[in-house]
Number of protein chains: 2
Amino acid sequence: MQGQNISDIIEAYLKQILNESTRVEIRRSEVAELFNCVPSQINYVINTRFTIQRGYLVQSKRGGGGYIRIEKVKLLDDRDMLDTLIGLVGHQISQRDTLAIVQKLYEDNAIERRDANLILAATSHQTLALNDRQLEAELRARILTSLLNHLRYERE
Amino acid sequence: MQGQNISDIIEAYLKQILNESTRVEIRRSEVAELFNCVPSQINYVINTRFTIQRGYLVQSKRGGGGYIRIEKVKLLDDRDMLDTLIGLVGHQISQRDTLAIVQKLYEDNAIERRDANLILAATSHQTLALNDRQLEAELRARILTSLLNHLRYERE
DNA sequence: TTAACTTTGACTAATATTGACTATTATTAT
DNA sequence: ATAATAATAGTCAATATTAGTCAAAGTTAA
């Protein structure tokens, strides 16, 4: 809220635009120049202030005509539960525990049967097929966390 | 979506024509002149935006009266659509091609928006977060293949 | 004083643009 | 017919134009 540092100022600038339209599209270097900072500071602001937990979706493209686009999305009611579950997942998780979490989501009507099956298919031992047990559990955790994060908000 | 670079503009131009007829036939040099770019840029646009993964067939002929013809095809009409796609995936696939395939599935009503987003989340570079580029592409292929196979019996 | 947060910049990655050179097909001249 | 020439499109690598990552250094607040 305060305008004490550049990151806060840039954050306020972007949010002010987002007050009027649901999305803002910028050229990173232009905004950096506008606020007299290095381009990577824009990434810092986005990574710390425009996260999915706060209801922002960010997309970007490099190369000529590149951009960074920030979109405000509507968060769903289940997000506290999702936070809890993401905490449970941690940085690694077994297939067995994954099944438990997915079943819980299904029972709570957070996802449909179809989604549940997709998630289980994507995270199964057979699919991941890594030799390294540890790596597999970590990867499963990342995939599951990412999927849970996507359940947070509603698409138009 | 973007109108920032020439490639996007040319893409939009061609797709607008394809909205009205199922195929478009151009003379490369004419389109290049129309958009004030070098002829090989047309090839770049076609190679990056009108791939088979996205549901486009491209044919061309050189010499006098030469042309480039782009045709929009429906994968759903293909009896073995899933097999075709799985073949395209192969044993490794980039995030870019994954996006193309998933978008095509969505366009052709093979999957819903929600499923599309889940699949993309599960296979993104950020989610997989492996150091090994090769391993990442292989893993992405396995996950995508697994999901595609899932559509097979999830379907009816 | 220390832990968290911010700022910076060197290096990396992705995407787009350009043009020289090559390949193919059609047309014309012999 | 055949060879030369013209009229196309294709390939590829160099360069340009963006954004991303990461860790070191600086700043602030508890």
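What you see is a predicted model, and the numbers here were worked out from it, not measured in a lab. Below, chain A is the first sequence line, B the second, and so on; all start at residue 1.
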Side chains of residues 33-47 of chain A: which donor-acceptor partners sit under 3.5 Å, not counting sequence neighbours?
{"from": "A:Gln41", "atom 1": "NE2", "to": "A:Ser7", "atom 2": "OG", "distance (Å)": "3.0"}
{"from": "A:Asn43", "atom 1": "OD1", "to": "A:Arg28", "atom 2": "NH1", "distance (Å)": "2.6"}
{"from": "A:Asn47", "atom 1": "ND2", "to": "A:Asn43", "atom 2": "O", "distance (Å)": "3.1"}

Could you check how far [atom1] of [X] sits from [atom2] of [N], rounded to whole Å?
X	N	atom1	atom2	value
B:Arg28	C:dT25	CZ	P	15 Å
A:Phe35	C:dT8	CZ	P	14 Å
B:Gln95	C:dA14	CD	P	9 Å
B:Ile6	C:dT15	CD1	P	18 Å
B:Tyr67	C:dT24	OH	P	16 Å
A:Arg27	C:dA14	CZ	P	20 Å
B:Gln41	C:dA20	CD	P	16 Å
B:Tyr44	C:dA14	OH	P	13 Å

Looking only at heavy atoms, which two atoms of B:Leu128 and A:Arg142 are closest? And how far apart?
O-NH2, 2.6 Å
Locate the shortest heavy-atom distance separating B:Ile70 from B:Tyr56; write the atom from each residue and the value.
CG2-CD2, 4.0 Å
Using heavy atoms to find the nearest nucleotide of DNA chain C for A:Val45 and B:Ser7 separately, return the residue whose nucleotide is more 5′.
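In this pair, the answer is A:Val45.
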Go nucleotide by nucleotide along DNA chain C from the 5' end; which of B:Gly64 and B:Arg133 gets its closest nucleotide reached first?
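With B:Gly64 and B:Arg133 compared, the 5'-side residue is B:Arg133.
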As a test of reading the structure: which of C:dT6, C:dT8, C:dA16 is closest to the side chain of A:Cys37, going by heavy atoms?
C:dT8
Kindly point out which of C:dT7, C:dT8, C:dT15 is positioned nearest to the side chain of A:Asn5?
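Among the listed nucleotides, the one closest to the side chain of A:Asn5 is C:dT7.
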Quick check on the hydrophobic clustering: are A:Leu135 and A:Val89 connected, directly or via other members, by side-chain heavy-atom contacts under 4.5 Å?
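Result: yes, single cluster for both.
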Verify salt bridge (charged side-chain N to carboxylate O under 4.0 Å, His left out) between A:Asp8 and A:Lys15, making sure each step is shown before the conclusion.
CA-CA 10 Å; A:Asp8 287 338; A:Lys15 286 191 172 166; over 6 Å; no
Could you check whether [X] gets within reach of a base, just the sugar-phosphate, or nothing at all, counting any heavy atom under 4.0 Å?
X	value
A:Ile42	nothing
B:Arg49	sugar-phosphate
B:Thr48	nothing
A:Gly63	base

In chain order, what residues pass the ring-ring contact (aromatic ring centres under 6.0 Å, His included) check against B:Tyr106, with sequence neighbours excluded?
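Expected list: none.
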Go through DNA chain D in 5' to 3' direction and return only the first and the last nucleotide with some atom under 4.0 Å of chain B's heavy atoms.
D:dA7 to D:dT11
Going by the salt bridge (charged side-chain N to carboxylate O under 4.0 Å, His left out) test, name the single residue among B:Lys72, B:Lys74, B:Arg54 that passes it with B:Glu107.
B:Lys72
Heavy-atom nearest nucleotide on DNA chain D for B:Arg62 versus A:Glu30: which residue maps closer to 5'?
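The answer here is B:Arg62.
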